[in-house]
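Structure first, then comments.
Residue numbers start from 1 in every chain, and the chains themselves are labelled A, B, ... in the order their sequence lines are given, proteins ahead of strands. Since the model is a prediction, treat every value here as computed from it, not as a measurement.
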Amino acid sequence: MTSTTQEIPTRFDFDSVQPRIYEMWENGGWFQAESDSEKPPYTIVIPPPNVTGALHLGHALNNTLQDVVIRMKRMQGFNTLWMPGTDHAGIATQARVEKRIKEIDGLTRHDLGREKLVEKIWAWKDQYEIRILGQLKQMGCSCDWSRTRFTLDDTCARAVRHTFHDLFGKSLIYRGKRLVNWDTFLQTTVSDDEVFSKKTNGHFWHLLYPVIDPKPGEPAHITVATTRPETMLGDTAVAVHPDPSAALKKVASELNDKLKKCAEAEKADVQAQIDALNQRREDMLSQLELLRDMAADGRKLMLPLMDREIPLVCDQWAKPELGSGCVKITPAHDPNDYEVGIRCGLEMINIMNADGTLNAEAGSYAGLTMKQGRKKVVADLEALGLLDKVEDREIELPTSDRSKTPIEPYLTDQWFVRMDDLAQSAMDAVSDGRVSITPERYAKGYLSWLGEKRDWPISRQLWWGHQIPVWSQGCQSKAESEALIEKIGGVDSWDENAVSIQVENCEEEDEAKRKQLDLPFATVHVCIRDQGHDMQAHLESIGFVREDDVLDTWFSSALWPHSTLGWPEATADLKTFYPGSTLITSRDIITLWVARMVLMGLNNMDAIPFERVFIHPKILDAYGETMSKSKGNGIDPLDVIEKFGADALRYAMADLATDTQDVRMPVQYQCPHCEHKFDQTKKNRELPRVDCPAKECGKPFKTQWAESDDDMALDKGYVLSERFEVARNFVNKLWNASRFAMMNLEGYQAAPIDPADMTLEDRWLMSRLAAVSAKVTRALDGFRYAEATETLYAFAWNDFCSFFLEIVKDRLNNDQQRPHAQRMLVFGLDTLMRMLHPFMPFLTEEIWQILGQIAPERGMDGSAASACLIQASWPEIDPSYQSDAIESQFAHFQNSLGAVRDIRARQKIANKKPINFGIKCSAEITDSLKPMGSYFSRMALAELTDIGPDVEAPAVSANLIRDDLEIFVDLDGLIDKEAEKARLEKEKAQVIKNIGGKKGKLSSDKFVNGAPAEIVQRERDGLAKLEQQLEKIEASLKVLGA
RNA sequence: GGGCGUUUAGCUCAGUUGGCUAGAGCACUUCGUUUACACCGAAGGGGUCGGGGGUUCGAGUCCCUCAACGCCCA
């Protein structure tokens, strides 16, 4: 034995091991993929983390799952590439940095200017990128760092411009006016996905619009209701339903259907709604029809305050069952009204500036904020007697996820990607199975989202991102635009492959109106593909101006699988690693990211980006809420690594990755003073300081909310979860099992293992190894991580440690058996480490290194093991070792041992007191159990005194029946009669219950005749066995004098 | 309103195509420091599988329905 083994501590010192091992891997170049390898490729691209901040537990989960697969595939002999990188995350990062600059320097982005701000964000990015990549390394991620990319670096930028130019040239990118979600605080568009709706208390104002020249019988005013009265300044129509009678009928029939189906408790409520509707029909239908006719007759209304004539139009958006049945239409400031505006060809008046104040179109209200405008509009209407009534009402206020301020629908020029064919191509890829999504149910959302084929708005009014490579100039006539295009083509650097032109005609056809609104006849857009192209200077010299906007961050993310490999160059990497193998991500970006990667991959590469997509669960806290720093329930993976080690973090992550559901992880605080743990509650998770509830401690510690100097001076409490303790304990168990094995390798000599030398327990171990390795491989190939960890846990703890190691102790003490036992022990440990490596890379590699010093040669054939576990081969045990017969023979040993221990415990026989026992069993079982007799002494301090078909119970004994065995423990002088009686009575009751169940089944003709003969026979056999058991229990009870 | 998911032991979760007495970890009870491990060992208690109905010889598993919770879309 070397001195190293004696010095192995009883705790795995992950702190010192992790950096050392990681450095060894990096120096060995094991993470690096080779573009010219003979081995089959296996590629995963990382979902690039945003450079906004640190990684959270969700990242820990996501990246663990990727590393597990990558490490297994590497061991299986694949040329693995795990492509790392980060995402510039446009709006999120810019908003974050802007906020910081505001806090520190009190400056806005406009004070700084575009160049300065972008410079500051780059500095931020550099800082956080290092931090994020460092965290991944601490987790043990085996990414190919030499290939690290950033979505805004030169390589990605080139790919973005090529893609943009290509789509622009195919007219799949265009500019158009669209109603967008406008964040007036950040002054940019935000996508639908970045908007959430917030319930707030608001009002419902009923406004009166005068009818111009009403005919006799017609009303003088029309009532419209709105939650946003200030938008009336931009109204361009009032709508009524074209067929109010039919619309009411439809609603009534829906209510009647509901009445039939709904629960008793709701019936009254629904009935009341029906009654109200009928009443409404009686009261209002004729009025609504009159309004409809007025609209058809071209009657106009006078828009109050603005003194503008607006038409009364028919459109199904007006709901006759609600309010007055009429609805005001503001096409430039409401999505639904916008649709009506398109349908009815209405004027669209934009009354808002980018900063959320009212513009010149709002007349005398110009310059007010929306809020001030509302106040004044309401007051002015009231003064005119045109405010009918005001109701309180809860409203859903669309709010920006980024700035938490209300969203304004806003009509602006935006760039779009036409989705028709692109979306279809991505749908086809999943429908026809070229791309598979696991779990399958997520394919549905992917398909239905793409199925809408809504054009993708890609421009963002930001400074941080890929600036749109388009230069534009307006012109006042067709001739002018043709002349302009002529001028562009007149230079030497003209290259049709690199420069494309689009002419956008103004939607406003009326020339006078265009002049009034200062709109051009047409706009010429020129897209330049290459950065620094001569054309840029030329265009600018003839009056073209570059588009200010940048691209949506997902535009560059969508290219990630091929841009990172060097596209559009035809690189060796691209040839080798594209299409990728697997994408592992979370479900909230299936549409935003996964779908777009598929369609961009198909467009640019004419091939799918990856074959398989695995969607993993989300981690929630004990209340079922998502973890987040803003709630204070977030667990920092670095805390976990510090406290439990990276392997424990990883194992815990993999262990909770089941594919059926999200997983709850109760969160606890740990006191830094006394290590006392207690649950985090909704209350204490919001406090800046918490007092330890342990009586003997009671000291305060700080949380992430600490701000005051007093609080900041305290020690920080950990935020953890007990699930990591389970993992840490397992790590330590493995460490000690390995430690034990390695301490017992004195005199180890490598040699081929002859299967003929194998004892029953050896064969059992081989059978288990074959079964477990196959199961783990299958599970991981199907992304069933939790199944893999549970299989390994049960095998390592229950089989390998509790049985094989305990048994092998005996054999190690026997000079004859020792060499062979050592080889089996080493082989078992070696295989176990390989299987666990993807989950616990540090622990297993460390053990591998120590084992390499003691037993460098340890294959079944006595061959040498590879120097590093990270590139050792994945275990493939000859499946012929797997044997149910062997396992059931070994189960007889386990059962006998269990029975003896059971009796010892129930009889309260001290562990130190030796006992004798016998086993009655078939001759065959006798043969297999006899050689194992000595193990009973070690494992239960019990002497197997008698075994065979004719063994009889001693006079005073406790008997147990386990399968085909009857175990008698000689209790002479030991017996606790009452305890034994109690145990037997209990067992008797259970057996009787089971007999009853089986008898019931078998007495039913239905079962006997209906079920397969095999099942019936099984029940009969079971019953016979139980009845036998019952007899024996009763006999034992008799002996005890019951 | 539409779609998806979940509901199994005190807690967190497994439970494959329906088929032996429904499992694991944690927590709990009792016993134990036997020279790998107390981050350990041995034994034990604890479940009407959300409610109701149906299909079947047989349902945690399949179907219908109700309820609660969660997520996504509108």
Above 12 or not: heavy atoms from other molecules or residues under 6.0 Å from [atom1] of [X]?
| X | atom1 | result |
| --- | --- | --- |
| A:D884 | CG | no |
| A:E452 | CD | yes |
| A:K809 | NZ | yes |

- Query: Shortest non-hydrogen contact from A:K453 to A:M427?
  - Reply: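 That would be CE-SD, 4.1 Å.
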
- prompt: Which heavy atom of A:I967 sits nearest a heavy atom of A:A899, and at what distance?
  reply: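 Distance-wise, the nearest heavy atoms are CD1-CB, 3.8 Å.
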
Suppose you measure atom [atom1] in [N] against the same atom in [M]; what distance do you get, rounded to whole Å?
| N | M | atom1 | value |
| --- | --- | --- | --- |
| B:rU21 | B:rG25 | P | 22 Å |
| B:rU6 | B:rC62 | P | 10 Å |
| B:rC11 | B:rA27 | P | 15 Å |
| B:rG10 | B:rG46 | P | 11 Å |
| B:rA59 | B:rC20 | P | 12 Å |
| B:rU7 | B:rU61 | C1' | 15 Å |
| B:rU48 | B:rG23 | P | 15 Å |
| B:rU35 | B:rU30 | C1' | 26 Å |

Interatomic distance, [X] [atom1] vs [N] [atom2] [rounded to whole Å]:
| X | N | atom1 | atom2 | value |
| --- | --- | --- | --- | --- |
| A:L792 | B:rA24 | CG | P | 18 Å |
| A:E746 | B:rU35 | CD | C1' | 15 Å |
| A:R723 | B:rG25 | CZ | C1' | 8 Å |
| A:R441 | B:rG2 | CZ | P | 21 Å |
| A:Y793 | B:rC26 | OH | P | 5 Å |
| A:D588 | B:rC4 | CG | P | 20 Å |
| A:I619 | B:rU6 | CD1 | C1' | 18 Å |
| A:N798 | B:rG41 | CG | P | 9 Å |

At under 4.0 Å, does any side-chain N or O of [X] touch on OP1 or OP2 of [N]?
| X | N | answer |
| --- | --- | --- |
| A:R664 | B:rU7 | no |
| A:W797 | B:rG41 | yes |
| A:K618 | B:rC71 | no |

Here the gap from A:L832 atom CG to A:L792 atom CG, rounded to the nearest 0.5 Å, amounts to 7.5 Å

- Supply the atom-to-atom distance A:K733 NZ to A:N729 CG, rounded to the nearest 0.5 angstrom.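 It comes to 10.5 Å.
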
Among [options], the one nearest [X] by side-chain distance:
| X | options | value |
| --- | --- | --- |
| A:R739 | B:rA36, B:rU12, B:rA14 | B:rA36 |
| A:K733 | B:rA74, B:rG41, B:rC13 | B:rG41 |
| A:V663 | B:rG44, B:rC13, B:rC37 | B:rC13 |
| A:N732 | B:rC39, B:rA43, B:rC26 | B:rC39 |
| A:R11 | B:rA38, B:rA14, B:rU12 | B:rA38 |
| A:R901 | B:rA42, B:rC39, B:rA36 | B:rA42 |
| A:F740 | B:rG3, B:rA36, B:rC71 | B:rA36 |
| A:D902 | B:rC26, B:rG44, B:rA14 | B:rG44 |
| A:E790 | B:rU12, B:rA14, B:rC71 | B:rA14 |
| A:S802 | B:rA42, B:rC73, B:rA36 | B:rA42 |

Between [X] and [Y] (side chain of the first, backbone of the second, donor and acceptor by atom type, cut-off under 3.5 Å), is there such a pair?
| X | Y | value |
| --- | --- | --- |
| A:R650 | A:F839 | yes |
| A:R739 | A:F12 | no |
| A:R811 | A:R818 | no |
| A:E761 | A:F804 | no |
| A:N736 | A:T10 | yes |

Can you tell me whether the side chain of [X] and the base of [N] have a donor-acceptor pair closer than 3.5 Å?
| X | N | result |
| --- | --- | --- |
| A:R728 | B:rC39 | yes |
| A:E806 | B:rA36 | yes |
| A:K444 | B:rC4 | no |

Provide a list of protein-nucleic acid N or O atom pairs under 3.5 angstrom, restricted to nucleotides 28-34 of chain B.
none

- [ ] Taking the six-membered ring of A:Y718 (Phe, Tyr or Trp), confirm whether the NZ or CZ of A:K643 is under 6.0 Å from its centre and within 45° of its axis.
- [x] yes

Writing each nucleotide of RNA chain B 5' to 3' as (, ), [, ], | or . by Watson-Crick or G-U pairing under 3.5 Å yields (((((((..((((.....[...)))).(((((.......))))).....(((((..]....)))))))))))).

Comparing nearest nucleotides in RNA chain B, the 5'-proximal residue of the pair A:D655, A:T10 is A:D655

Result for 5'-nearest mapping on RNA chain B, choosing between A:F730 and A:M665, is A:M665

Checking all strands, does A:R904 fall into the base, sugar-phosphate, or nothing category for heavy-atom contacts under 4.0 angstrom? nothing

